[in-house]
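Quick note on labels: first sequence line is chain A, next is B, and so on, each numbered from 1.
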2 protein chains.
Amino acid sequence: MGLTKSQEFNQSQNQLAEFAKALAHPARIAIIEQLLKCGTCICGDLVATLPLSQSTISQHLKELKRIGIIKGEVEGPRVCYCINEKIWAEAQTRLSELFSSFAGKGCC
Amino acid sequence: MGLTKSQEFNQSQNQLAEFAKALAHPARIAIIEQLLKCGTCICGDLVATLPLSQSTISQHLKELKRIGIIKGEVEGPRVCYCINEKIWAEAQTRLSELFSSFAGKGCC
DNA sequence: TACATGTATCGCAATAATACGATTAAGGTT
DNA sequence: AACCTTAATCGTATTATTGCGATACATGTA
């Protein structure tokens, strides 16, 4: 049917998938990298840096905001974006839990 | 246009995005969790566990295999899947690099 | 060889994501 | 108020992803 059956999986699995989805596009990786590096930036900075239009970047920012990874603060006519420390740390924790649960049992 | 402009981003960004994409669906999280827990399993095990059809699960396995996160070994009539340690470790390294590069500079 | 088991692939349908131009909105500045 | 700057949203087109049934394939077993 083409409808992702999220409701058939548990909350932990869906949350992990959401965090991963935030990182699942090179443009969003680039946005996050810039935020990590600069601490803060406005949409216009990203438009100047990335090979995408303003509307597309705005859309990616919206998606990152929806997931919670970043937050934006209105600052006059512009919006200042930065990493949402709390959610960022949570994503880190959840993902590293997943990775570290590998016991290296080897293959068949 | 709808065409992801991967070629406009660097290899590191694309690779990170690919690793994240592997984890960006609850079904694939569930598959990976089962592999982490059991060490190894066949497609039929997953079909018994997950709320998805055999063909859909086979597709997710194919995607995970394409990215390299898992590998499959033919074992008689069945295929034995397991985590590809090397790639798994690389994904872990790359992702934790990203997360740990946060200096906590705070927002505007 | 005929059959059973387990997996991959094909074909299709539907939803989701990506991207852009144009427009709207919101906040300063003159 | 008129205008400029900046960002968000709308509308649309295109590609990607998800999902399933049916079928093909591959490998054992009777």
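- Residue B/Ile83 holds its CD1 atom at 8.5 Å from OG of A/Ser101, rounded to the nearest 0.5 Å.
- At whole-Å resolution of the value, NZ in B/Lys62 and P in C/dC10 are 7 Å apart.
- With hydrogens and angles disregarded, a donor-acceptor distance shorter than 3.5 Å links the side chain of A/Thr93 to the backbone of A/Ala89.
- Distances were taken from every side-chain heavy atom of A/Ser58 (C-beta onward) to each of D/dT9, C/dT18, C/dT7; the shortest belongs to D/dT9.
- Ranking D/dT6, C/dA17, C/dA8 by closeness to the B/Tyr81 side chain, first place goes to C/dA8.
- Across all strands, B/Glu63 comes closer than 4.0 Å to no nucleic acid atom at all (heavy-atom distances).
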Do B/Ser55 and B/Ser53 pass the side chain to side chain donor-acceptor pair (under 3.5 Å) test, and can you show the C-alpha distance, the side-chain angles, and the key distance before you say yes or no? CA-CA 5 Å; B/Ser55 60; B/Ser53 75; 3.3 Å; yes
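- Of the two residues contacting DNA chain D, namely A/Ser6 and A/Asp45, the nearest-nucleotide position lying further toward the 5' end is that of A/Asp45.
- Comparing D/dG19, C/dA19, D/dT9 against the side chain of B/His60 picks out D/dG19 as the nearest.
- Minimum atom distance to the side chain of B/Leu52 is reached by D/dC20, of the listed D/dC20, C/dA8, C/dA19.
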Which atoms of nucleotides 21-27 of chain D (N or O only) lie under 3.5 Å from a protein N or O atom, and what are those distances?
unit_1	atom_1	unit_2	atom_2	d
D/dG21	N7	B/Ser55	OG	3.3
D/dG21	O6	B/Ser55	OG	3.2

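- Whole-Å rounding puts the A/Asn14 CG to D/dT18 C1' distance at 14 Å.
- Side chains of B/Phe99 and A/Leu23 form a contact here, defined as non-hydrogen atoms less than 4.5 Å apart.
- Straight-line distance from the CD atom of B/Gln59 to the P atom of C/dG6: 21 Å, rounded to whole Å.
- Residue A/Lys21 has a polar side-chain atom (N or O) positioned under 4.0 Å from OP1 or OP2 of C/dA17.
- Computed from coordinates, the B/Ile57 CD1 to C/dT7 P distance equals 10 Å when rounded to whole Å.
- If you take CD of A/Glu73 and P of D/dA7, they are 14 Å apart, rounded to a whole angstrom.
- Of the two residues contacting DNA chain C, namely B/Lys65 and B/Phe9, the nearest-nucleotide position lying further toward the 5' end is that of B/Lys65.
- Within 6.0 Å of CD on B/Gln7 lie more than 12 heavy atoms contributed by other residues, nucleotides or ligands.
- Rounded to whole Å, the distance from CG on A/Leu61 to P on C/dA19 is 13 Å.
- Interatomic distance, SG of B/Cys43 versus NE2 of B/His60, reported as 11.5 Å (0.5 Å rounding).
- A heavy-atom distance below 4.5 Å is found between the side chains of B/Leu61 and B/Leu46.
- Contact check, B/His25 against D/dG19: a side-chain N or O comes under 4.0 Å of OP1 or OP2.
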